[in-house]
Structure formats: structure tokens, C-alpha cells
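Letters A, B, ... are given to chains in the order of the sequence lines, protein chains preceding strands, and every chain is numbered from 1.
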2 protein chains.
Amino acid sequence: MSSTLTVIGNYVSPYVRKVLVCLDLKGIDYAIDPIAPFIGNDEFTRLSPLRRVPVLIDGDLVLNDSSVICQYLEDKYPTPSLYPVDIVKRAKARWLEEFADTRLADVLIWRLFYQLAIRRHVFGETTDEAVVQKAREVDIPSALDYLETQLPVDGFVFGELSIADISLACYFRTASFVRYAVDAEKWPRVAALVQRMLALPSFQKLARLEDSMLRLPLAQQREALVAAGAPLTEWTMGCGVPRYGFPRG
Amino acid sequence: MSSTLTVIGNYVSPYVRKVLVCLDLKGIDYAIDPIAPFIGNDEFTRLSPLRRVPVLIDGDLVLNDSSVICQYLEDKYPTPSLYPVDIVKRAKARWLEEFADTRLADVLIWRLFYQLAIRRHVFGETTDEAVVQKAREVDIPSALDYLETQLPVDGFVFGELSIADISLACYFRTASFVRYAVDAEKWPRVAALVQRMLALPSFQKLARLEDSMLRLPLAQQREALVAAGAPLTEWTMGCGVPRYGFPRG
């Protein structure tokens, strides 16, 4: 068995992106075992009991949950550290990660991106416009109002780049696929942090791969990704028409 | 300001219980700022942006999310350690904690306890019997089937007592309030681990407090808890009739 780490996931997922950015920042080689959103065979169910991406495979170890995976990478490959050394800052960073994974995921991904992109283009369903409108007018502003109180004018949230900055940025990137952008007049700190983060080489490398596949039908995505240099393994988790619910992660 | 840690929470919550058990095992004094389930004033919203319990207050630090809080306690008070030293075991322990907080919470708390106890007795609504039936026949068995493959015949999951054992047990304890018990014929490892955990002094101490209040109307719970020795502060988070959604945490 190769010693290269494998990540089961799709470049669209913010949870997958979080892990890939951490891997890149730590200089760790990895391969992606691609899985189309909403698809997964029984082998995927065996590896991911909640049917979520990402899954990390490191030799005999199969690990689920993006937060658990990132903390494992930090423990195993401590340099450069992506968690603050100071205990209080570290706790606050983990909280912002949790806020991103829970609340930003809810308002930006499930109430916006899922409604506008996935329901429409993957399931051929109609967007629930009421959900989208409430997300734009109430839910997202409320989450950003809170974040604005937590972020610095400049630099990263806890001085050094940390899991907090990375996690937050991942959700705004997926939301940008449906042309969502933070209003910098209303939430200047959030807008500036997202801009700083997405300009980092680790996000830029992924953005090139994301852009190469985003507007293509599923059947053409693999070829486009390989052409763009994505480190793909064979599909082993199923491909084709959606069989299960969306792997939330 | 006192140096005693304060936990905002209610003894019914499995998320609160997880933190209280960790505090007890580490020998850390704390006070409970009580909050009735489903209740919370604007000060609570300020301290808990997702309106979830528990909240930990340690001097100037206000911390949310039970997993973030438990990891903070481990970092600040490392002895006795509640996270495996081995990096792979530690990652697996965090995953089981996540599985408990997400999946067990979903099937045991939201689809069972909430339906049978909270909807009926707090909101005066009717239990959705279809949800309860599916929980009993499909959702809970499916979660236990997975857990049974992850647990040992005897002892704790990773040798020493860890956050994995603690987290898992907390959900079964709250489910027991609606008389749910794991079928030891079908899931002997799960049943045995839960039994071992709930027999620990840290769980037993809490059980006495939980039992003192469980069948009482809200208005009488405080007096009963104080009589039973609960370390309650004044109510500062609001009490009375429910104003908001349930603080999930």
C-alpha cells in the first residue's frame, strides 16, 4: 500500500476544502479518491458511517469528519502548526471552526448553494425561493453580524494563520459558486478576511481545479480535473446517478 | 470575580452532562448557571450565538460547544487526561465523540426524547408517533449496529477512560428518561459500555441531581436541585415560559 494519504471527497465541498488546505499548508502529499456529490456506493457507506465527505485514509486508518481529520493532521504533522499555541486562543479557534462548520454551512451551503445549484442542476428540482430569500435577508446577515465582532481589521484572527481562518474561508468559497459575495460595506472585516484567505496559494491552487470542473456535466469533470493536474485516484466510491442523500460533512 | 468555573446549562442536556463529567473527573470545582430547556433571554443569546448549552465561563473567557469546551478543559487541566496519548487512538476517540454528538443525539434525543418528553410535556404538543416508531425500528438500531463494531467486549474503548466513552454514555442517559434501554441481546457491547459508564461515580453524582428534578414542574426544579446539593448560581439566563427554540449544543 502506498504511504500517500488519500482523501475521499469532491472539490465542491467546503469540508473537503478545509482538509485539502491543511494538507497543502503542511506540505503533505495526498491523492483524491473522487466522489460525485450525492453519490456513494456501499463501500463508501462502510468507510463513512454518516455518508459524509471528507474521509481520510492513512494506511490502515480510516478517519471521518473534517474537524477530526484536521486535528489528526496537526497532531501527526505539527509543523507548521495550524492551531494557536495559547490555550485560550486555541479554544476560540476551535469554536470559530465549529461556528463555520455548523452555522455558515447551514446558511451559506444548505440554504443558498444547495438551493440554487444542487436542487436545480443535480436533482432537477425547483429552488425554494422563500428559503433563499430568508437566507439572503435574515440568516446570512445574522451570521455575518456575529462574525464581524470576532474578526480583526487586518491579518489573521489569532495572529498566525489558523484553522479558524481556513474554516471560515471554505464556506464563502463554495457560496461564491452561486455568485454570493460578502458586502464589504456592511461587513468589512469578514469581507477582508475572506479576500485575504482566498488569495493564499493553498486556496488558489484548489480554485484552479474547482474552476476547471464547475460548469461541466458530471461525466466530463474527471477528465477536466486530470487535465488541470488534480491528483485523482480511480473512482472507487461509485459514480453515476445519485443513489443516496447528500454526504454532509 | 470568583475563579470558580461556571457552566450555563441544564442537567437534562447530554451535552451539558458531557462537560460536567469531564469537570468532575478532573476534580475541577464549578457552578451551574441554570437555564430551563428552551428558555433563554437576550443575555443568553449574547453568550451563546447559536443559543446552545453548555456555555463555559472561565473568568473573561466565554466558550461554546461541548466538544470545544472539553478539549479546552483537557488543554488547561491535563491531569487526568481524557484523550488518548496515541495519535491514532486520539483521532478515533474524537470521531466517536462526534458520532455521539451528531448521530446519537439525532436518533436518541431529537427523534425519541424530544418527541416523547419535550413536545408532550413542555410544549403541550402531540408526539409524532411515526418519527418515534422509525427511530425505534430503524434509526437507533442502525446507529447501534455501527457502534457495536467499534466497542470492546470489556473495559473502555481505548483502554483508559476517554472522551469517547463519556460522550457515548451521555446520550443513553438522557434517552433513559423516556425509559429507553439498549437491548443487550442485540447490542451486548453497547449495553455493557453504557452500564459501566453510568455506574461511574461522576455519572452517579449527576444522576442523583437529575432524578431529583426530572418529574417536577419547572417552577419546583430549582428548589429540588438545591436540596439535592446542586451547585446552582442565581438564574441569569431567563426562566419562565419558553421564548425561543431549544438550545441544541
Task: Closest contact, heavy atoms only, B:Ala91 versus A:Val68 - done: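 Minimum heavy-atom separation between B:Ala91 and A:Val68: O-CG1, 3.4 Å.
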
- [ ] Locate the shortest heavy-atom distance separating A:Arg103 from B:Leu50; write the atom from each residue and the value.
- [x]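 For A:Arg103 and B:Leu50, the tightest heavy-atom pair comes out as CD-CD2, 3.6 Å.
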
Interatomic distance, [X] atom [atom1] to [Y] atom [atom2] [nearest 0.5 angstrom]:
X	Y	atom1	atom2	answer
B:Lys76	A:Ile87	NZ	CD1	8.0 Å
B:Phe99	A:Asp65	CZ	CG	12.0 Å
B:Arg46	A:Thr149	CZ	OG1	10.5 Å

Does a sphere of radius 6.0 Å around [atom1] in [X] hold more than 12 heavy atoms from other residues, nucleotides or ligands, not counting ones at 6.0 Å or beyond?
X	atom1	result
A:Glu43	CD	yes
B:Glu74	CD	yes
A:Asp29	CG	no
B:Glu129	CD	yes
A:Lys26	NZ	yes
B:Glu160	CD	no
A:Lys18	NZ	yes

[X] vs [Y] side-chain heavy atoms within contact, under 4.5 Å:
X	Y	result
B:Arg94	A:Leu63	no
B:Tyr72	A:Val88	yes
A:Trp95	B:Ser67	no

Open item on the list: Quick check on B:Leu61 against chain A: is it the side chain, the backbone, both or neither that has a heavy atom closer than 4.5 Å?
Closed with: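 Only the side chain of B:Leu61 comes within 4.5 Å of chain A.
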
Task: Proximity breakdown for B:Thr102 and chain A, heavy-atom pairs closer than 4.5 Å - done: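 Answer is side chain: those atoms of B:Thr102 sit under 4.5 Å from chain A.
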
